Amino acid sequence: RPAAFDGTVEENLQRVFALKAQQGTYERSRIENYLATLGRSPEFLDLAVRRLSGGESQILALLRALQVQPQVLLLDEPTASLDPETTQSVEALISQWMEEAEQRACLWTSHDPQQIQRVTDRQIHLEKAS
């Protein structure tokens, strides 16, 4: 389960920008656009973090990562707790995010071979040594 601060989803997203290492400001409109891609309403921002499901916690963690606009995004099973429809929405959001700026990279781990084929240009398959 992704780590989160007490409070609402929006407070968690805003808190990232209070860190000394982080530049920029919270942009609610950007987050609302991301939520629309995920099929979620802006009311998602008002949810108490302690009441989020596992999948909703994953969405919070993804939004928190995307909003700081990193050049490289490492995703470790980002859709593991999500239903198929939300999984498609997350894949669409990450694709949209990648297209928003040049010089972005995404490393995505998954146990789902079909997903890896859908979301990546290149793959590395790790197998257990005999």
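Model, not experiment: these values are computed from the prediction.
- The closest side-chain heavy-atom distance from Leu75 to Cys106 is below 4.5 Å.
- Enclosure of atom CG in Asp83 by more than 12 non-hydrogen atoms of other residues, nucleotides or ligands within 6.0 angstrom is indicated.
- One finds no salt bridge joining Glu32 and Arg40 here, because no Lys/Arg side-chain nitrogen approaches an Asp/Glu carboxylate oxygen to under 4.0 Å.
- With no hydrogens or angles considered, a side-chain donor-acceptor pair links Thr79 and Gln115 at under 3.5 Å.
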Glu43 vs Ser41, test: side-chain hydrogen bond (donor to acceptor under 3.5 Å, both in side chains). Steps then yes/no.
CA-CA 5 Å; Glu43 284 76 34; Ser41 73; 2.7 Å; yes
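- Note on Met98: it clusters hydrophobically with Leu93, by side-chain heavy-atom contacts below 4.5 Å among ILVMFWY residues.
- Atoms CZ and CG, on Phe5 and Leu60 in that order, are 10.0 Å from each other to the nearest 0.5 Å.
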Using the rule given for side chain to side chain contact (heavy atoms under 4.5 Å, CB included), can you reason through Val119 versus Ile94, listing the C-alpha separation, both sets of side-chain angles and the distance that settles it, and then say yes or no?
CA-CA 9 Å; Val119 301; Ile94 293 167; over 6 Å; no
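- Atom-to-atom distance recorded for Leu47:CG and Ser57:OG is 10.5 Å, nearest 0.5 angstrom.
- Heavy-atom neighbours of Arg30 CZ from other residues, nucleotides or ligands within 6.0 Å: above the threshold of 12.
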Under the side chain to side chain contact (heavy atoms under 4.5 Å, CB included) rule, what do Trp108 and Ser110 come out as? Steps first, then yes or no, please.
CA-CA 7 Å; Trp108 189 312; Ser110 177; 4.0 Å; yes
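- Looking at Arg104 and Gln71, their side chains never come closer than 4.5 Å, going by heavy atoms from C-beta outward.
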Checking side chain to side chain contact (heavy atoms under 4.5 Å, CB included) for the pair Leu62/Tyr34: CA distance, chi angles, key distance, verdict?
CA-CA 10 Å; Leu62 179 61; Tyr34 290 164; over 6 Å; no
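- The closest side-chain heavy-atom distance from Gln58 to Glu77 is not below 4.5 Å.
- One distance of note links CZ of Phe17 with OG1 of Thr25; it measures 6.5 Å at 0.5 Å rounding.
- Put simply, CD on Glu56 and CG on Leu38 are 11.5 Å apart, with the number rounded to the nearest 0.5 Å.
- Note that CD1 of Ile31 and CD of Gln14 are 10.0 Å apart. Values are rounded to the nearest 0.5 Å.
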What's the verdict on side chain to side chain contact (heavy atoms under 4.5 Å, CB included) for Leu52 and Val9, showing C-alpha distance, side-chain angles and the deciding distance?
CA-CA 9 Å; Leu52 296 180; Val9 169; 4.0 Å; yes
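- A 4.5 Å side-chain heavy-atom check between Leu45 and Leu35 finds at least one atom pair inside the cut-off.
- Ion pairing between a basic and an acidic side chain is recognised when a charged N comes within 4.0 Å of a carboxylate O; Arg28 and Glu10 show such pairing.
- Applying the 4.5 Å side-chain rule to ILVMFWY residues, one finds Leu126 in the same cluster as Ile124.
- Considering every non-hydrogen atom in both Gln123 and Thr120, the closest pair reads NE2-OG1, 2.7 Å.
- Closest approach of Gly54 to Ser81, counting heavy atoms only: C-CB, 4.1 Å.
- With contacts defined as side-chain heavy-atom distances shorter than 4.5 Å, the pair Asp6/Val49 does not qualify.
- In this structure, OG1 on Thr37 lies 13.5 Å from CD on Glu91, to the nearest 0.5 angstrom.
- The closest side-chain donor-acceptor pair between Asp46 and Thr8, if any, does not fall under 3.5 angstrom.
- Counted within 6.0 Å of CD on Gln88, heavy atoms from surrounding residues, nucleotides or ligands total 12 or fewer; the atom is thus considered open.
- For Gln67 against Leu13, the heavy-atom pair with the smallest separation is NE2-O, 2.8 Å.
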